[in-house]
J.: 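Take this structure first; my questions come after.
What you see is a predicted model, and the numbers here were worked out from it, not measured in a lab.
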Amino acid sequence: MLLRPVGGIRTDRRSARRDLRFGMSGDGQMWRHDPAALRARSATRRVGMGLAAAGTLLGSLALYSASRGVRARREVPRDGRMMVIDGTPLHVVDRSQGPAIVMIHGLGGQLRNFNYGVADRLAERHRVILIDRPGAGYSSVMSDGRTGIVAQADLIARLIEVMELDRPLLVGHSLGAAIALALAERWPHLVRGLALIAPLTQPLTTLPRATETLAALPRSLRLALAAMVAVPLGRLAGERTMASAFAPEPVAPDFMTRGGGMLSMQPGVLASALTDIGRAQGEMAEIAAGFPTMSLPAHILFAREDRVLEPDLHGARTAAALPNGRLEMVEGGHMLPITQPDLTARFIEGAWRESASPIS
């Protein structure tokens with residue numbers, strides 16, 4: 001069967017299929033498309049479609065992260081009041097009366113880590129002050145742009161001054177203990193002594209290169225990455241991560257709400273945690289170098305089976321380096337304030353009693 005000629009050119013079905021590869025000029029003459037140009041245009045279309053799909057995916061992940069943050073704040077509301085210290089809003093719980101104890105939570109944590117059970121026991125005899133560290137829980141990042149352990153120590157020292165606390169005992173868990181140590185070195189006249197629980201006290205022996213790279217990024221990029229990648233991945237690996245932190249003890253079934261765990265899955269909190277880890281490597285070396293000259297009594301509580309920090313490195317070595325250091329070893333894992341609140345409260349009470357005079 002013949003098709004109607006176009007421009008004087010006879011075409012049948014076979015030639016028509018062949019001529020799909022050709023274009024037609026204004027005067028009816030055919031010209032052949034450049035195959036390289038065709039491939040380039042096809043590749044451009046594929047790239048465009050890929051970018052559109054990637055944008056849709058990343059946008060969906062960002063929306064998911066935002067919804068997780070809204071849910072976390074609904075299910076774990078603020079427990080205390082917001083205090084503005086040197087321009088930085090801090091979430092603070094101030095309970096009961098008596099000699100003051102200030103408590104600083106660890107990496108990715110929130111003040112409910114202590115409010116889970118330890119604070120109730122201490123509040124029977126003490127004024128208990130719990131703090132969401134800058135960038136964690138409901139507290140904002142520092143208004144002057146400073147980050148890291150030393151910067152947070154300085155801000156909490158200002159909080160002690162503003163609240164007119166009379167040389168409180170300073171309690172720190174994990175990375176919060178590193179902040180307590182930095183504060184004691186820089187502002188020894190403000191505190192009575194230290195009670196350090198599963199503390200970070202030495203430079204980290206290993207730090208993933210990816211963590212160092214992410215920590216060095218501007219905060220805006222860290223926030224974007226946390227929203228689009230870290231929160232969804234953290235959700236997927238959440239149970240395994242918690243199991244590792246609590247091991248060998250079981251994860252508390254109500255930790256996500258009563259222990260404040262849900263608040264760790266917020267982009268801002270994750271971005272701040274990345275910064276804290278990245279800065280800790282260099283800062284801990286400087287803090288540890290000051291141990292031999294620290295005169296304040298420092299009590300350390302460590303679990304033998306801690307799978308987050310090494311008890312020999314962060315416990316025994318530090319206790320030996322501190323002139324008034326004392327180490328107590330117990331059974332359990334890293335999350336002692338959650339898993340063993342009675343034991344932890346007794347440890348803090350003992351540190352309070354003995355902090356009136358140097359340890360002999």
J.: Taking side-chain contact (heavy atoms from CB on, under 4.5 Å) as the criterion, tell me which of Ile104, Val191, Leu190 meets it with Ile156.
T.: Ile104

J.: Verify the distance criterion only: is there a donor paired with an acceptor across the side chains of Gln97 and Arg127 at less than 3.5 Å?
T.: no

J.: Whether the side chain of Arg112 engages the backbone of Thr257 through a donor-acceptor N/O pair (distance < 3.5 Å, no angle test) should be reported.
T.: yes

J.: Return the OG to NE2 distance between Ser140 and His91, rounded to the nearest 0.5 Å.
T.: 11.5 Å

J.: Are any side-chain N or O atoms of Ser139 and backbone N or O atoms of Asp132, one a donor and one an acceptor, separated by less than 3.5 Å?
T.: yes

J.: Can you check whether Pro199 reaches Leu309 side chain to side chain, under 4.5 Å on heavy atoms?
T.: no

J.: Can you get from Leu170 to Val162 by hopping between Ile, Leu, Val, Met, Phe, Trp and Tyr side chains that sit under 4.5 Å apart?
T.: yes

J.: Search all heavy atoms of Ser96 against all heavy atoms of Ala123 and return the closest pair with its distance.
T.: OG-O, 2.7 Å

J.: So which atom in Leu296 and which in Ala184 form the shortest heavy-atom distance, rounded to 0.1 Å?
T.: CD1-CB, 3.7 Å

J.: Can you tell me if Asp254 and Tyr116 form a side-chain donor-acceptor pair at under 3.5 Å?
T.: yes

J.: Can you give me the closest heavy-atom contact between Ala157 and Leu183, atom names plus distance?
T.: N-CD1, 3.6 Å

J.: One thing to verify: whether Glu161 and Arg158 come together as a salt bridge, which I'm taking to mean a side-chain N less than 4.0 angstrom from a carboxylate O.
T.: yes

J.: Can you tell whether the side chains of Glu354 and Arg326 come within less than 4.0 Å, N to carboxylate O?
T.: yes

J.: Give, for atom CD of Glu283 and atom CD of Gln152, the distance between the pair rounded to the nearest 0.5 Å.
T.: 8.5 Å

J.: So do Thr88 and Val84 actually touch side chain to side chain, heavy atoms under 4.5 Å?
T.: no

J.: If I take atom CZ from residue Arg167 and atom NE2 from residue His189, how far apart are they, to the nearest 0.5 angstrom?
T.: 10.0 Å

J.: Do Val150 and Leu155 belong to the same hydrophobic cluster, where Ile, Leu, Val, Met, Phe, Trp and Tyr are linked whenever their side-chain heavy atoms lie under 4.5 Å apart, directly or via other members?
T.: no

J.: Is a side-chain donor or acceptor of Glu185 paired with a backbone partner of Met294 at a separation under 3.5 angstrom?
T.: no

J.: Could you point out which residue of His334, His105, His314 forms a side-chain hydrogen bond (donor to acceptor under 3.5 Å, both in side chains) with Ser174?
T.: His334

J.: Is a salt bridge present between Asp154 and Arg146, judged by a nitrogen-to-oxygen distance below 4.0 Å?
T.: yes

J.: Distance only, no hydrogens: is a donor on one side chain within 3.5 Å (strictly under) of an acceptor on the other, for Asn115 and Arg95?
T.: yes

J.: Could you pull out the closest heavy-atom pair between Arg125 and Pro99, with the gap in Å?
T.: O-CD, 3.6 Å

J.: Examine distances only and state if a side-chain atom of Ser355 and a backbone atom of Gly193 form a donor-acceptor pair shorter than 3.5 Å.
T.: no

J.: Does one side chain, of Thr318 or Gln202, offer a donor that lies under 3.5 Å from an acceptor on the other?
T.: yes

J.: Assess whether a salt bridge exists between Asp166 and Arg192, defined as any Lys/Arg side-chain N lying under 4.0 Å from an Asp/Glu carboxylate O.
T.: no

J.: Could you pull out the closest heavy-atom pair between Ala303 and Pro311, with the gap in Å?
T.: O-CG, 3.4 Å

J.: Return yes if a side-chain donor-acceptor contact under 3.5 Å exists between Glu249 and Gln340, otherwise no.
T.: yes

J.: Under 3.5 Å, side chain of Ser264 to main-chain N/O of Gly261, donor-acceptor pair present?
T.: yes

J.: Looking at side-chain heavy atoms only, is the closest gap between Met142 and Asp144 below 4.5 Å?
T.: yes

J.: First locate atom OG1 of Thr147, then atom CG of Leu274, and finally report the distance between them rounded to the nearest 0.5 Å.
T.: 12.0 Å

J.: Suppose clustering is done on Ile, Leu, Val, Met, Phe, Trp and Tyr with side-chain heavy atoms closer than 4.5 Å. Which residues sit in the same group as Ile348?
T.: Val93, Ile101, Met103, Leu111, Phe114, Val118, Leu122, Val128, Leu130, Leu169, Val171, Ile197, Leu301, Val330, Leu336, Leu343, Phe347, Trp352

J.: Rounded to the nearest 0.5 Å, how far apart are CG of Asp86 and OG of Ser143?
T.: 7.0 Å

J.: Mind checking the CG-CD1 spacing from Leu200 to Ile149? Nearest 0.5 Å is all I need.
T.: 6.0 Å

J.: Are any non-hydrogen side-chain atoms of His126 and Glu349 less than 4.5 angstrom apart?
T.: yes

J.: With side chain to side chain contact (heavy atoms under 4.5 Å, CB included) as the criterion, how do Met242 and Met256 come out once you've worked through the C-alpha distance, each side chain's angles and the decisive distance to 0.1 Å?
T.: CA-CA 10 Å; Met242 284 197 299; Met256 295 301 286; 3.5 Å; yes

J.: Just grab all the ring-ring contact (aromatic ring centres under 6.0 Å, His included) pairs involving residues 254-286, residues at least two apart or on different chains.
T.: Phe246-Phe255

